[in-house]
Each structure stands twice: as C-alpha cells, then as structure tokens.
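Since the structure comes first, as structure tokens, the remarks are kept for the end.
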Amino acid sequence: MIRCRGLSQWYIQKELEPIRAVDEVDLQIPKGALAVITGPSGAGTTTLLCLLATLMRPTAGQIWLCDEEITHYSETALTRLRRERIGFIFQDFKLLPFTSLWRNVAYPLLPTGISESSARARALSSLGSMGLFDRAEHPPEKLSGGQQQRAAIARALIHNPELLFADEPTSNVDAEASEQLLDILQRLRHEGKTLVVASHDPAFLNVADEIHRMSNGRLCAEETR
Amino acid sequence: MISRLSPSGKLMFRKHLVLSRIALDNLRRFHTRSYVVLLCLWAILVPFLAAVAMLEGIKSQAEVAVDAGADIFVSMDQYGQNAVIPLGMIEKIAKVDGVRKVMPRAVARGYFFNKLCLVVGVPLGGTEAFPAIDLVEGNLPTDRGEILVGEALARENHLRVGQMLAIPGTFAQIVGIFTSRVSIWSANLVFMSFEDVSALFHQEGYATDLLVYTRPGYEGKVVEALYHIQYSEPGARLLRLQGKSLVREYFQRGYNLKGGIFSALYLMAFAVSIPAILVASGLGLTERQREVGILKATGWQTHEVMELVFWENLWLSLIAAPSALLIAFGWLKGLNGALFAQFFISELGLFAKFPVPSQFLPLPLVLAFVLALVITLVGSLLTTWRTAIVSPMEVMR
C-alpha cells in the first residue's frame, strides 16, 4: 500500500555538510495497518512522514502509494492525490484562524464543485463524529488544544481518504485528549484505513501493527505484530 | 440560467461561487490588510475620479459657452496677437452677405471689490449679448451706469440689486445678479454697457473684438469675405478671425493640455502606487504564505489558490471603485473641490467661490475599477503564485 525505496531528503547549505534528514530509507506498510514511525528528536520521522504524504519532494528515491509510483508525478497530480486519497494531521493542527470550525473542516471540499451547503453538512457530520458539533461556528483559536486536534482530524477525514498520516498527534494535547485521539485512530484502523503516525508516545507504540525506528535519518529497526 | 448548464458546467459554476464567497470571507478575516489596501486604492482612485469629473465639467461648460456665443470673433492682428478693432469696421462687416448681426465687445480686467474681475462691455438692449446666463434677481442693464454681477461675486461681497458702487471715475448701480450655466463665469464676471467699459479703460471708438453672427451655413463664406476685405483695402491692417470651430479647438487643446499634464502626473503616481500596494499586500504575508501552504496540503491546486486571490482582489476593487466615486462626488459636490480644484482652474485659490463644474460619467468608474484590479493583482498574484508552486511543507515551515 505504501512503499519507498532508497528514499532520501538532504538539506544542502553553503559551506556546510549536507544534512541528511532522511537517508536511503526502504519501507513497506500494508493496507489497513497502523504503522508508527518513531525515533529521537531530529531522527527524521517528520520528514519521512511528509515525504510519504507528498507534502515534500524527495532528493532521491522512489515512493509508491496505492500501488502507483508517484515519485515523478507533477505537482498537480500530487495535489490531486492529496485531495482524493490522503489525509494529514499536523502536529500544530494548522487550522485557519478567524473563521468557523466547520469551514476549516470543509476546506478540502470547497474547490471540488460541491455546494457550500453540502460542504457544510459534511463538515458538521465530520465534526459530530469527533464530538465537536456544538463548536462548529466557533473559530479554532477559541478552542482547547484537544478540540483543535479533533477538528484537524475531522478535516483530514472529510474526503474519506484511504491513507491517513499524523505527525506527533499527541504532543500538543493533554492526557485525556491523547486517549480520545488514540480511540479515534483505532476506530479508523478498524474501518480499513491505513494509518502512518510519527510519534514518541508509548501509547501508540502499544497499539501499532508496525513500528519503524529511525536514527540519524535512517531506519534502524522494524517491528511487526 | 444555471439549470441550463451541463453537469460539469454546474460543478464549475458552484466552484467559482464558493471560491468567491471564501474570498469575501477572507477580506473580513484579514480586515486590517483589507482596510490598508482599500485606503491605498482610495488614495489613487479618488483624485483620478475627481479630476476626470472636473475636466468633463469644465469641458461641458466650455461647450455651452461656445455654442451660446457668436459665430465669428473679429479683432485686429498686432504682432500675431489680438488687438483692439475700430468700431468703423462694424459697418463694413455688416454689409457682407450672410452676416446677420455684428456687435462690439470690450473685455477687460480690472479690480472690483478688491478682486481682479473680468469686465465685459456689451451693447445694451439685446439678450444675445448675455449668452448662457440666467437672472437670479433684477434685470439686464438697459442704460449706461448699470451693471450686472455674477451670483458668486455678489454673495462674496454682500452685493444687492440697487446698490451703488464707486468705480474708477464714476458710479454704477447694480441692476441684476446672474447665475450661469457656465458656473466659472459667475465667480468674477461683471457685465456693463460697451460705452461704459470703453470710457473706463480709455478706449473710446475701439472694441476688443466684434461678435459676428451669421446665417446658418454662411460661416465659411463670411470668413472668406472678411479675408477679402482686409486685403482689398489699401493700408488696411490684418484682421484676426476666430470662428466657432477654432474657438472650440482652442479650448479642446487647453483641455487636452490640462488632461495631459494630469495624466502624466497620475501615471507617475500610479507607478509609485504599485510598490505601495505591494507593501500593503505584504501585511501578514507570512501568515498568508502559511495559509497557502495549508490549502495546498489539503488538496487545493495552484490555480484554485490563484483564483481565490483573484476573487479577493475583485471584491476589493468592486468595493474600492464605487466608494472612491462616492468620495470624489462628495468632495466635488459637498466640499466644492476644496484644495483640489485649483489645479485645474487657474486663480481659484484653495476654496472656490463658485460651484466647481463637474460631470460624473460611467466610463471613469469602469476605468477606476480596472485600475484597482490591475494594481491589486500586480501586488498579489505573483507572490501567491511563487508561494503556491513550492511544496506545502516548505511554505508552512
């Protein structure tokens, strides 16, 4: 379902050694799995996640998503892929301020030709499934970290993607919100979605189907359950 | 109409509609930026609309003046300039075939009420001598020693009908106050009898020009005949003949010159305004770039982001142009073009004493909208495009 070979991301700076954020990574994650990529700070987990989610272009290597090689896809094709098949939950939520939560959640649908009322209905349904129906008209800056995180999940799921990526989803929320989040992700796994999470949280490691450990940009250990 | 669209057409229509609504919402979200850009646009558009309206107003009044005036203005030529013409020429010109009427006119400048005024001396007893004016109070002068003053001049100097005024060497009585379709005239114009003005300026027996009225279609023939007169008489001096079309050409040239100077200054200001708008558009640029990154990450195509920005600028321009027109209208009609009209009407001062002419036409409004759109698009499309083509993660970083 998700595969990469020789995947590398280097940051080249003048007169300095290049930083190999991701270095020659080979990885395979089957469909419907909950995979956790973990490692110490600066190990390259977030960069690898962003590369797999098409949010960055790799310096070298190949990526397959849903059995299609996407390495040489145009920016337009990659964007279409994100719109149709990929959801991403950011560590800092990345919700748009000063606009309602429902509109934030509906943003991925809005340029697809759907009417605003239909987009709103779907956003409300998605927010409802995250327990945020009564917060739909609130702007994100008025909500707690946990509520913002759930809104970010609602946005990532509104177009019903096959692949869901989450970057350190519990790092900015309290223990209770963290537990709720774990429940939600497990529910999604049962629904057949493929989940890739970059996290240090032991709670995730306990429920993961696969754990990929990274160090200095390289995969150093893999564990399958 | 929408129901007639094909399914893909409906989809596209809905998409554009939704994007336009998000754009409107974005103007509200980034309200500080919107206000700053709007202020910049007003600073550019209001003078433009006010100037165009004033130039149109002046042009329209000049046309009224020319239409209401004589067909040919005849004076003597002295070193290539207008010179006084002896009244003896009236008889000769009146005999020319096609001439309906010949009237002498004396146009002079003199200080009345401590203000430099235009004094016009015309033969009494006919309304033709007073073109494009309407009496507000009193009557037209019928005798020597009677004068007619403009409404603005009367108001400024608290003049009333019946009041006696001391003018150099004699006294005159105000018999009427007029307003004019050519409002500039009412500011500093005084009508008197031709004889009074000749005496006042010690030019008895001479007029500054003769007003020749011709029968319809005879203007060209009369001009030709007048040229013949000046060359046929031994020792005769050259005449200067100015027909209606020539006068119209003069003012058109003056209008174009004023318009040209304004256009040059405006173009300069316009060029300077683009970087200003760029700076204004750059307010919250980091936040904006981050948002573009989020949109791209959630599946928005580059052209969709660009369309959103286009809609934002379209809305801003649609708000800016009509509101600038309202401000310009208020400035010219409410504040009478205070501080501004002097650039277009000489010797006016900071505050005009008469209604400043203005005419608002639809075309400048359309131009103002196009200008606003061009300025804002130049200021934002390129930066947005450069942001949108970068990988989302790089932009959001």
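Reminder, nothing fancy here: chain letters follow the sequence lines and each chain counts from 1. It should be emphasised that the depicted structure is a prediction, and the values quoted were computed from it without experimental measurement.
- Residue B:R290 touches chain A through its side chain alone, counting heavy-atom pairs closer than 4.5 Å.
- Taking a 6.0 Å sphere around CZ of A:F133, one finds it holds 12 or fewer heavy atoms contributed by other residues, nucleotides or ligands.
- Applying a 4.5 Å heavy-atom cutoff, the residues of residues 116-125 of chain A that approach chain B are A:E116.
- Proximity to chain A (any heavy atom under 4.5 Å) is shown, for B:L17, by neither the backbone nor the side chain.
- Nearest heavy atom pair, residue B:E287 against residue A:P97, reads OE2-CG, 3.6 Å.
- In this structure, the side chains of B:F30 and A:F98 stay at 4.5 Å or more apart for every pair of heavy atoms.
- Contact annotation for A:L109: neither backbone nor side-chain heavy atoms come within less than 4.5 Å of a heavy atom of chain B.
- Per-residue heavy-atom pair counts under 4.5 Å with chain A were compared for B:K15, B:M393, B:R29, and the maximum is reached by B:R29.
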Under the side-chain contact (heavy atoms from CB on, under 4.5 Å) criterion, do B:D25 and A:R103 qualify, and how do the steps go? CA-CA 10 Å; B:D25 190 48; A:R103 185 164 272 197; 3.1 Å; yes

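- A:S115 and B:V18 get closest at one heavy-atom pair: C-CG2, 4.5 Å.
- Between B:I22 and A:Y107 the shortest side-chain heavy-atom distance falls below 4.5 Å.
- Within residues 135-171 of chain A, the residues approaching chain B closer than 4.5 Å by heavy atoms are, in numerical order, A:R155.
- Proximity to chain B at a heavy-atom threshold of 4.5 Å picks out A:T79, A:R80, A:R82, A:R83, A:F90 from residues 77-91 of chain A, in numerical order.
- Of the listed residues (B:H303, B:R21, B:E307, B:M12), the greatest number of heavy-atom pairs within a distance under 4.5 Å of chain A belongs to B:R21.
- The environment of CZ in A:R187 is crowded: more than 12 heavy-atom neighbours from other residues, nucleotides or ligands sit within 6.0 Å.
- Note that OG1 of B:T302 is 6.0 Å distant from CD of A:E75, once rounded to the nearest 0.5 Å.
- Looking at heavy atoms from C-beta onward, B:Q301 lies in side-chain contact with A:T76 at the 4.5 angstrom threshold.
- The CD1 atom of A:I114 sits 9.5 Å away from the CG atom of B:L11 when rounded to the nearest 0.5 Å.
- Atom CG of A:D26 has more than 12 heavy atoms from other residues, nucleotides or ligands within 6.0 Å.
- Residue contact with chain A, scored on non-hydrogen atoms closer than 4.5 Å, involves the side chain of B:E304 exclusively.
- When side chains are defined from C-beta on, B:P392 does not count as touching A:K94, because their heavy atoms never get closer than 4.5 Å.
- Taking 4.5 Å as the heavy-atom cut-off, the residues of residues 47-74 of chain A that approach chain B are A:C50, A:L55, A:M56, A:R57, ordered by number.
- Side-chain contact between B:L19 and A:L110: absent, with no pair of heavy atoms (C-beta onward) separated by less than 4.5 Å.
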